[in-house]
Each structure stands twice: as structure tokens, then as C-alpha cells.
Amino acid sequence: MGLSRGERKVLWCFALIVAGYMPPVLNLANRVSPVILGVPFILFWSGLMVPITTCLMTYAYIVREKEDGENR
Amino acid sequence: MTISIAIIFGWLIVTTIVGVLAGRNQAFSMENYFVGGRSFGTFLFYTTAAAEIYSAFAFLGLAGWAYSKGMSIVYAMAYGSIAYGLYFFIGPRINRLGSRLKYISQPDFIADRYESRWLGVFVAFIGVIFSIPYLQLQIMGAGMIVQLASGGAISWQIAVIISFIAAVIFVYVSGLRGIGWTNFLQAIIMLFGMVSIGFIFPNKFFGGTAKVWEILQEIKPNHLTLPDSAGLGIFWVASVSLICGLGFWMWPHIFTATYAAKSEKVVRRNATILPLYSLTMIPIMVVGFTCAAKAGVDPSFAGTITKPDHAMLIALVNNFPPLLAGFIGAGGLAASISTSSGLILTSSNLMARNVIQKGFMPEMEDMAVAKLGRALVPVLTVLAVLLAIFAPSMLVSLLLVGYSGVTQFFPAVFLGLFSKWPTKAGIVTGLLAGLATVVAIKFMGVPSPMGLHEGFVGLIVNFAVVMVVSSFTPKISPSTIDRFESTLR
């Protein structure tokens with residue numbers, strides 16, 4: 001029932017996503033300028049974390065698919 | 001206003017027809033009715049999940065929050081990312097256990113994993129208790145959206161009754177498959193509505209977003225950073241994001257949707273692409289900020305906003321053509337109905353299968369349970385509509401602790417999927433301790449350490465109690481552990 005090798009790798013992806021919204025990072029992003037894509041920086045940062053999440057999860061998907069292939 | 005009313009109700013009729021037709025070739029069974037025959041592919045599962053997740057709050061609350069409180073609204077983006085990251089771990093395991101061990105609901109898993117029928121009944125009961133106020137909130141949101149988008153031509157009570165007759169029809173006839181196909185349509189119009197107004201509003205009022213930020217920095221300097229105008233700071237955003245992210249999949253209707261995916265691959269693909277839907281929230285937030293800037297420079301505009309949650313729709317109706325108000329109203333109604341229909345179906349499922357059958361009538365046949373669940377669909381909807389119309393504030397207290405409450409299921413679910421050591425006694429006492437902590441902080445004036453969210457504190461207490469109590473209470477039998485291990489291998 002524990003984590004597989006692939007899941008342990010994926011855990012790091014999840015940790016990175018969580019870290020992006022924790023106080024030390026939010027503290028750095030907590031500003032209005034520069035205004036990027038028409039929105040204040042903190043809103044841009046929150047929005048940027050969304051595609052970053054998708055990229056990390058895509059990597060996770062590849063890792064798990066590869067692991068499934070090896071187990072077959 | 002005739003145009004906007006025609007668009008809103010035309011859309012409602014189309015979705016009802018699609019929802020009814022979706023179930024026409026489907027044999028009636030518990031699995032088909034409650035979990036769509038476990039047959040949803042990537043696309044249908046995506047739109048189902050997206051439409052269920054983004055509720056009336058996405059249309060009314062996001063803009064209202066940005067308008068009145070400020071930048072702490074970024075928590076809504078943050079918790080989405082955390083929730084989808086978590087889903088990549090728990091989703092595939094939930095789906096595999098569901099399909100192999102024939103689970104239909106969240107308490108099925110918890111009762112089986114911890115060898116306790118009564119724990120399942122308790123979790124189902126708590127799930128319904130927290131789902132009803134959430135349903136009531138959606139109903140009231142739907143009514144408000146139609147009332148505002150029609151410029152007051154339709155009262156919110158009438159709008160609620162018409163909307164929920166439509167929802168009951170397709171949920172009753174087609175179950176989750178009906179919800180799935182209507183959610184596909186709902187997701188399209190929500191997407192259209194949410195994205196388009198984000199561009200239209202700032203352009204109409206200020207010629208673009210740059211002026212919005214300039215004005216807000218001048219008249220409300222705290223509005224665009226943390227802590228914002230409401231005093232909500234970085235620790236608040238971080239702890240709420242974490243608690244909502246972890247609790248997100250614990251809502252019974254969202255958890256159960258995972259059983260509808262036809263394979264683990266579908267779940268994993270969705271964990272990858274679902275986050276992108278939350279980008280549509282940014283335009284709504286921009287609309288809220290635009291309204292705040294407009295209200296700051298134009299007192300007559302500010303005077304029209306009676307409640308923060310109504311800001312976007314009031315501004316829309318007063319300043320834009322009725323055609324646009326109709327589409328946005330239809331989008332808001334779609335968001336509310338898609339979430340409500342999932343809540344109605346899941347609450348009926350929990351009551352029929354986990355409270356009545358598992359708790360009191362174990363000899364009841366599955367087909368009878370499915371029929372009972374279907375009969376409960378209109379009953380629970382009427383109950384929630386009546387509460388919304390006649391006692392709108394009665395369930396507010398429950399709603400306030402709803403998210404914190406369902407998040408207390410997290411240790412039972414997470415440890416149940418990944419660990420052998422938690423015991424039944426540990427999980428039960430942890431759950432009770434977590435719920436008690438939430439109630440003590442929220443309603444009894446017990447101070448929360450470091451201003452952390454009460455659900456977060458409850459979760460820490462919950463985990464600690466599970467660990468301590470599990471260390472000296474009887475373990476789960478090896479046969480159950482072996483069964484789960486072999487299923488998850």
C-alpha cells in the first residue's frame with residue numbers, strides 16, 4: 001500500500017506545487033509591479049503556477065506510464 | 001430584458017433535453033445510475049469534473065471577493081493547483097478500488113477499509129449534513145443570478161423553482177450520465193462567459209486593465225497586495241489554500257465522480273489537464289477589481305452595488321447589452337445547476353445506500369436501493385429549495401464549517417489508501433477530535449494559533465489523535481489489509 005518508486009518521484013512534483021503557494025514564496029511574489037499580461041505580479045504568479053502545475057503533472061504522468069509499462 | 005430571459009431559459013431547456021436523452025439507452029442499475037456505469041472517458045470526465053467543481057461561487061463569489069476584500073482571492077487559484085496535484089496520488093487509487101471492489105460512494109470505501117459499518121453510516125450522515133447547506137447555497141446563487149441578469153423581471157424564488165424542476169428531471173431520469181452530458185454543455189457556456197467578461201469589463205470602463213491597477217493603488221493601497229483590504233495576509237492565504245486543497249476531494253460528490261472514470265489513465269490525464277480550467281477564474285477576478293476601481297471613482301456606480309457578490313451582475317445589467325447579460329446569466333445558472341445536480345445525486349446515494357441500507361436495512365436488494373436513491377432525488381431537492389426560500393439563513397452555521405468539516409475525512413481517506421497502521425479506533429477518535437476542534441474555534445471562541453484556519457488546526461489535531469490512538473488499539477485484520485494490498489498492487 002505504500003508509495004511505488006514512480007509515486008515517490010511524483011511526490012516531489014506535488015511538494016513543488018505546494019511550495020509555490022507557501023509563505024516564503026508568496027512573500028516574494030507579494031507585489032503589484034511588474035504588471036505582466038495586464039495583471040499585478042501576485043495575480044500573475046498565482047496564474048503562472050497553474051501551467052506549472054500542469055507541466056509537473058505531465059511529467060508525473062510520463063513517470064507513472066513508464067512505471068506501468070515496466071510492471072507489465 | 002426579454003432577450004436575456006429568453007437566453008437563460010432557452011439554455012435551461014436545451015440542457016434539460018440533453019440530460020434526459022443522455023440516459024435513454026441506459027439500463028437502470030445502481031452502478032449505472034450513481035456512477036455512470038464507470039464508463040466516462042477523458043473528455044466527458046473532464047467536463048463533468050470541471051462543471052461540478054466550478055459552482056455559483058465562481059460567478060458571484062470570486063468577483064464579489066475581489067471587489068470587497070482584495071488580493072486574498074488568489075487563494076482560489078492556489079487551492080485548485082494543490083488539489084489537482086494531490087489528485088494525481090489519490091485519484092487513481094480511489095478509481096481502482098471503486099471498480100474492483102464495487103464501491104458506489106465515499107463511505108463504502110471508508111467502511112470497508114476500517115471494517116466498520118457504523119463508521120460508514122457516520123461518514124455518510126456527516127457528508128449529507130454538510131452537502132445540504134452547500135446545495136442550498138447553490139440554489140440561492142442560481143436564483144440570484146437569474147433575478148439580477150433579468151434586471152429583476154423574474155424573482156429569485158420563481159427562478160429557483162423553475163431551475164430546480166429542470167435539474168430534478170434530468171437527474172431523476174438519467175442519473176450521473178445525465179449530469180455528465182449536461183455538464184459538458186455547462187462547461188462550454190461557463191468557459192465562454194467567464195473569459196469574455198474579463199476582457200469586456202476593463203475595456204468598457206477604463207480602456208484596459210492598466211488604469212484599474214493605477215486607480216486601486218491610489219484609492220485602496222492595500223487592495224492589491226497581502227494583507228489586503230480585509231486584513232487577510234500571506235499566512236491566511238497559505239493555510240486556507242492548503243486546507244481547501246487537501247479537503248477538495250473529500251466532498252462526497254467530487255470523491256464519487258472519480259468512480260465514474262473508466263480507467264486510472266483517465267483519472268491521471270484529468271489530474272494533468274484539469275488545473276488549466278482554473279485559469280478562467282482570473283478574468284472574473286479582474287472584473288471584481290474593475291468594479292472596485294469604478295466604484296472608487298464613480299459614486300453613482302458604487303451606489304448601485306447593494307452586495308459585493310452582486311457587483312459583477314449589477315454592473316453587467318446596467319452597463320452592457322441584454323444579450324451579454326443573458327449569456328453571462330446562463331453561464332452562472334449553468335455553474336450553479338451543474339454543481340447542484342452532483343450534490344443532489346450524491347446526497348440521495350448516501351442516504352439510500354449508506355445510511356438506510358447499510359445502517360438499518362442490510363437485507364435490502366441493490367435494485368431497491370437504486371430505486372430508493374432515485375426517489376430521494378426530488379425529496380432532497382424540494383427540502384433544499386424550501387430551506388433556501390423560507391429559511392435562507394438557517395444553515396449558514398453549517399456552511400461556515402462545511403469545508404473544514406469534510407476536510408476531517410482526509411486522514412481516513414489518505415491513510416486508508418497509503419498506509420496499513422491506522423486503526424478503526426484511531427480514525428474514529430481522530431475524526432471526532434478534528435470536528436470538535438473546528439467547532440470549538442469557529443463557534444466557541446477558542447483562539448486559533450497564529451491565526452491559522454480552523455480546518456487546518458482541526459486536521460493537525462485529527463492526524464495527531466489518529467497516530468496516538470492507533471498505536472495502542474487493535475489493528476485492522478490481516479485479511480482486509482491483504483485484500484487492499486492485492487487490489488492496489
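Note that the structure is a prediction, hence the values are computed from the model and not measured. Chain identifiers are assigned alphabetically (A, B, ...) following the order of the sequence lines, protein sequences preceding nucleic acid strands; residue numbering begins at 1 within each chain.
Other residues, nucleotides and ligands place no more than 12 heavy atoms under 6.0 Å from the OH atom of A:Tyr59. The environment of B:Lys475 atom NZ is dense: over 12 non-hydrogen atoms of other residues, nucleotides or ligands sit within 6.0 angstrom. Counting non-hydrogen atoms of other residues, nucleotides and ligands closer than 6.0 Å to NZ of B:Lys220 gives a total above 12. The environment of CH2 in B:Trp421 is crowded: more than 12 heavy-atom neighbours from other residues, nucleotides or ligands sit within 6.0 Å. Heavy atoms of other residues, nucleotides or ligands lying less than 6.0 angstrom from CD of B:Glu218 number 12 at most.
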May I have the step-by-step check of side-chain contact (heavy atoms from CB on, under 4.5 Å) for A:Glu7 and B:Phe418, ending in yes or no? CA-CA 11 Å; A:Glu7 281 175 318; B:Phe418 292 98; 4.2 Å; yes
Chi angles and distances behind the side-chain contact (heavy atoms from CB on, under 4.5 Å) call for A:Phe14, B:Phe89: CA-CA 9 Å; A:Phe14 179 58; B:Phe89 282 98; 3.7 Å; yes
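Contacts between B:Leu488 and chain A at a heavy-atom distance below 4.5 Å involve the side chain alone, from C-beta outward. Looking at B:Ala210, neither its backbone nor its side chain comes within 4.5 Å of chain A, counting heavy atoms on both sides. Heavy atoms closer than 4.5 Å to chain A are found nowhere in B:Met281, neither backbone nor side chain. The parts of A:Val10 that come within reach of chain B are both its backbone and its side chain, each placing non-hydrogen atoms under 4.5 angstrom from that chain. For chain B, the nearby parts of A:Leu11 are the backbone and the side chain; heavy atoms of each come within less than 4.5 Å.
Looking at every heavy atom in both residues, A:Pro23 comes nearest to B:Phe235 through CG-CE2, 4.0 Å. Scanning both residues, A:Met57 and B:Thr272, for their nearest heavy atoms gives O-OG1, 3.6 Å. When every heavy atom of A:Pro51 is checked against every heavy atom of B:Leu276, the shortest pair comes out as CA-CD2, 4.4 Å.
Your options are B:Leu274, B:Val237, B:Leu224, and the one with the most heavy-atom pairs under 4.5 Å with chain A is B:Leu224. The greatest number of non-hydrogen atom pairs below 4.5 Å with chain A, out of B:Thr225, B:Ile282, B:Ile273, is found for B:Thr225. Ranked by non-hydrogen atom pairs under 4.5 Å with chain B, the options A:Leu16, A:Val35, A:Leu56, A:Leu3 are led by A:Leu3.
The CZ atom of B:Phe88 lies 9.0 Å from the OG1 atom of A:Thr58; values are rounded to the nearest 0.5 Å.
By the side-chain hydrogen bond (donor to acceptor under 3.5 Å, both in side chains) test, B:Thr487 pairs with no residue at all, sequence neighbours left out.
Salt bridge annotation for B:Lys265-A:Glu65: present, with a cationic side-chain nitrogen under 4.0 angstrom from a carboxylate oxygen.
When atom types are taken as modelled, the side chain of B:Ser81 and the backbone of A:Thr53 share no donor-acceptor pair closer than 3.5 angstrom. Panel note: side chain B:Trp213, backbone A:Gly38; a donor-acceptor pair is recorded below 3.5 Å. A donor-acceptor pair under 3.5 Å is formed between the side chain of A:Asn30 and the backbone N or O of B:Leu226.
Using a 4.5 Å heavy-atom cut-off against chain A, the contacting residues of residues 64-77 of chain B are B:Met71, B:Val74, B:Met77.
A heavy-atom distance below 4.5 Å is found between the side chains of B:Arg269 and A:Tyr61. Two residues are said to be in side-chain contact when any heavy atoms from C-beta on lie closer than 4.5 Å; A:Val32 and B:His223 fail this criterion. A:Met22 is not listed as a side-chain neighbour of B:Ile234, based on a closest heavy-atom distance of 4.5 Å or more.
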